[in-house]
Amino acid sequence: MPSQALPGFRDFYPDELELRAHIFRTWREVARRYGFEEYDGPPLEPLDIYTAKSGSEIVGQLYNFTDKGGREVALRPEMTPTFARMVSARANGLRKPIRWFSIPQLFRYERQQRGRLREHFQLNCDLVGEAGPLADAELIALSIDVMRAFGLTERDVRARVSDRRVLGALLAAAGVSAAHLGDAYQAIDKAERSRPGELAAQLRSAGLGDAVIEKVFAVAAIRGRPALEAALAGLPDAGAAAPLLTALDALDAMGLGAYVDVDLSIVRGLAYYTGTVFELFDAGRTLRAICGGGRYDGLLLALGGVDLPALGFGMGDVVLGELLRERGLAPPARAEVDVFVAAVTPEDVPHALALAHELRDAGLACEFALAAQPLGRQLKQADARGARRAIVIGPDDRARGEVVLKDLAGKTQAPVRRDAVLAAVAAGDAGAHTGSRDG
RNA sequence: GUGGUUGUAGCUCAAUUGGUUAGAGCGCCGGACUGUGGCUCCGGAGGUUGCGGGUUCAAUUCCCAUCAGCCACCCCA
């Protein structure tokens, strides 16, 4: 073996590309149903559009280098800066709300693990110019409908939904000062993955009192709408939950409520989220997150663009592909051949080529043996290629102006006049009748 | 980047306490079968046991290093 793909990069063999194509097709189809338009940008971007957003420590996780013109560049690790630039440049001329999606290949220099490579494709859906909660419901619904389009049900995937405005109000009521909000978010984000003692110690060293820390964990433990509403009762800023509750009502009205779990441990790692946040997981929680997103109203402006409210999500192909394979929802591999044309003798080959090409011109997938082989071998090959039908051309048939059309699955065959082959194949009626005898 | 763990044919796996020429199934190629396929039978190709050192009369087996996969951290755009 000469070599292999770089760590974290993938070779897509035909059956694997079939799954990838299936994922892309489904993504596009569901995005289309929601009126989203597809866009794309360059895979290579100036380094500073990423450091401006996330700070210079992100460079350690980028594929970056100096190009031959002395520019500092990076393979895109995310789509948002590119999206922000494109939207901002034409924001004045675009009708709002803007519904755009893209399927970029993204890169990050990190040690790979299952479900996390150095390269992946990600469906990015963003909605710009609408601050109301129906936009949040719309985007969450889109992500859930992608799952449904793959054949996944509410028993397979769960949408865990929270809202930073709600979290902020509850944490404020718990005694967390504005200065400590970020620390609290970080602790809640890690609550599932870490031992509670460690997080409490971190919060304590950040300056929070034990009573407050206990309340922070109580807030993070809120699950389900009744528990949320109970926690909100008597809160001075109870209106902070209005957008989330409206969005949840909307999801119920769409018939997607069964997929949705209120879960206040969801905050998302990123600092820029301002409202609704959500993540999709497999129900058994054996895999990493399938999808994550939320509202980021100030981000476009912060990136030097327009001041428009916005929200979006990203859904990678790696975890999703693992889940589909696991559930047997990957598409059957191998493109099927419609017709295999077999030549009995070498003298029949030119006639087989002519017929095969006519069939191809008619839009049918058609193959024939590229080397001289006995008829039995050719038919065996037809089976191996998954052909539904075969056409046998031999000297005797040609003398009668016919070919033999075989239905390989039905094990039936019938003579067909040479000039009626296309019609017979198109009708898909091989063996359905005995064929018309001439004379 | 840190720590742990696993690497045998295209795939899934064998190989006695270190012991001769590293095997099997599936897959692939061919024959039985020169105008009729899926089945069956027979045969064949395919391995530097991840790569490189070391110990030993002898290493797939033990040791070291390295690369790759996996797991946990880190991070999660």
Side-chain angles (χ1 to χ4, degrees), chain A residues 1 3-11 13 15 45 49-55 57-63 74-84 104 106-118 120 122 124 126 186 189-190 193-195 198 267-273 279 286 288-289 291-294 296 299 303 312-316 318-319 322 340 342-348 369 371-399 402-413 415:
Chain A
M1 197 163 2
S3 64
Q4 53 185 333
L6 287 167
F9 286 76
R10 297 171 286 177
D11 289 327
Y13 285 85
D15 59 326
E45 290 275 19
I49 72 172
Y50 303 116
T51 54
K53 179 182 165 209
S54 309
E57 69 276 8
I58 197 173
V59 174
Q61 295 168 34
L62 290 178
Y63 273 96
L75 288 171
R76 60 185 173 195
E78 57 164 324
M79 201 56 179
T80 303
T82 303
F83 172 75
L106 305 176
F107 306 87
R108 57 181 138 216
Y109 193 86
E110 281 187 311
R111 178 162 295 191
Q112 62 160 331
Q113 284 182 38
R114 183 177 187 219
R116 179 144 204 186
L117 307 176
R118 287 181 166 179
H120 72 138
Q122 190 181 69
N124 272 248
D126 289 274
Q186 207 166 38
D189 187 38
K190 292 181 181 175
R193 308 187 285 272
S194 313
R195 286 193 298 267
E198 287 177 26
V267 292
R268 308 282 297 147
L270 293 170
Y272 58 69
Y273 285 109
E279 295 184 351
T286 59
R288 292 162 190 276
C291 171
Y296 52 89
L299 184 64
L303 290 177
F313 70 76
M315 180 188 297
V318 180
V319 175
E322 283 170 2
F340 193 98
V344 176
T345 70
E347 288 69 40
D348 299 311
Q373 287 175 326
L375 181 58
R377 182 125 217 101
Q378 294 182 61
L379 291 171
K380 199 168 189 169
Q381 190 180 345
D383 273 320
R385 299 296 293 153
R388 288 188 287 277
R389 281 165 289 179
I391 290 172
V392 179
I393 301 181
D396 302 344
D397 309 299
R398 284 195 287 114
E402 293 177 342
V403 299
V404 174
L405 179 57
K406 295 175 66 69
D407 179 342
L408 290 170
K411 279 192 142 172
T412 58
Q413 66 178 47

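In the text below, chain A, chain B and the rest are named by the order of the sequence lines, each starting its count at 1.
- You'll find a donor-acceptor pair under 3.5 Å spanning the side chain of A:Gln413 and the base of B:rU36, going by distance alone.
- A:Gln122 meets the side-chain hydrogen bond (donor to acceptor under 3.5 Å, both in side chains) test with A:Asn124; sequence neighbours excluded.
- In this structure, A:Lys411 atom NZ and B:rC39 atom P are separated by 11 Å, rounded to whole Å.
- In this structure, CG on A:Leu117 lies 8.5 Å from CZ on A:Arg108, to the nearest 0.5 angstrom.
- Nucleotides B:rG46 and B:rC41, compared at atom P, are 24 Å apart to the nearest Å.
- Between the NZ atom of A:Lys406 and the C1' atom of B:rG35 there is a distance of 10 Å, rounded to whole Å.
- Here the P atom of nucleotide B:rU36 and the CG atom of A:Leu405 are 18 Å apart, to the nearest Å.
- B:rG43 and B:rA24 have their P atoms separated by 11 Å, with the value rounded to a whole Å.
- When each of A:Leu6 and A:Ile393 is assigned the nucleotide of RNA chain B with its nearest heavy atom, A:Ile393 is the one assigned upstream, toward the 5' end.
- Checked against side-chain hydrogen bond (donor to acceptor under 3.5 Å, both in side chains), A:Tyr296 has the following partners two or more places apart in sequence or in another chain: A:Asp126.
- Atom name C1', nucleotides B:rC11 and B:rC63: the rounded distance is 32 Å, in whole Å.
- In terms of the side chain to side chain contact (heavy atoms under 4.5 Å, CB included) criterion, A:Arg111 has no residue partners (sequence neighbours excluded).
- Here A:Leu375 pairs with A:Ala342, A:Val344, A:Leu379, A:Val392 under the side chain to side chain contact (heavy atoms under 4.5 Å, CB included) rule; sequence neighbours left out.
- Atom-to-atom, CZ of A:Arg389 to C1' of B:rG37 comes out at 16 Å; the value is rounded to the nearest Å.
- Taking CG of A:Asp383 as the start and CZ of A:Arg388 as the end, the distance is 13.0 Å to the nearest 0.5 Å.
- A distance of about 34 Å separates the P atoms of B:rG50 and B:rU40, rounded to the whole Å.
- By the side-chain hydrogen bond (donor to acceptor under 3.5 Å, both in side chains) test, A:Glu279 pairs with A:Arg268, sequence neighbours left out.
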I'd like a list of close polar pairs between nucleotides 27-31 of chain B and the protein, N/O only, cut-off under 3.5 Å.
residue : atom : partner  : partner atom : Å
B:rG30  : OP2  : A:Arg377 : NH2          : 3.0

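- Straight-line distance between the P atoms of B:rA14 and B:rG1: roughly 33 Å, to the nearest whole Å.
- Looking at heavy-atom distances under 4.0 Å, A:Gly394 makes contact with a base.
- With both ends at atom C1', the span from B:rG44 to B:rG4 equals 44 Å, rounded to whole Å.
- A:Arg114 pairs by the salt bridge (charged side-chain N to carboxylate O under 4.0 Å, His left out) definition with A:Glu322, A:Glu326, not counting sequence neighbours.
- Nucleotides B:rG23 and B:rU66 have their C1' atoms positioned 29 Å apart, rounded to a whole Å.
- Across the protein-nucleic acid pair, A:Ile391 atom CD1 and B:rG35 atom C1' stand 16 Å apart, rounded to whole Å.
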Taking protein heavy atoms under 4.0 Å as touching, what does nucleotides 70-77 of chain B look like 5' to 3' if B marks base contact, S marks sugar-phosphate-only contact and - marks none? SSBB-BBB

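- Base engagement by A:Pro395 is indicated by at least one non-hydrogen atom pair under 4.0 Å involving a base atom.
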Dot-bracket, 5' to 3', for RNA chain B please: Watson-Crick or G-U pairs under 3.5 Å, [ ] where pairs cross earlier ones, | where the partner sits on another strand, dots elsewhere. (((((((..((((.....[...)))).(((((.......))))).....(.(((..]....))).))))))))....

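- For the P atom pair drawn from B:rC62 and B:rU5, the interatomic distance equals 14 Å after rounding to whole Å.
- A:Tyr109 is linked by a side chain to side chain contact (heavy atoms under 4.5 Å, CB included) to A:Tyr63, A:Arg118, counting only residues two or more places apart in sequence or in another chain.
- Annotation: side chain to side chain contact (heavy atoms under 4.5 Å, CB included) contacts of A:Ala382 (sequence neighbours excluded): A:Phe340, A:Ala387, A:Leu408.
- Contact annotation: the side chain of A:Thr80 approaches that of A:Leu299 to within less than 4.5 Å [non-hydrogen atoms, C-beta and beyond].
- At whole-Å resolution of the value, CG in A:Leu379 and P in B:rC39 are 14 Å apart.
- Shown here are the salt bridge (charged side-chain N to carboxylate O under 4.0 Å, His left out) partners of A:Arg288, two or more places apart in sequence or in another chain: there are none.
- The structure places CG of A:Leu405 at 6.5 Å from CZ of A:Arg389, a figure rounded to the nearest 0.5 Å.
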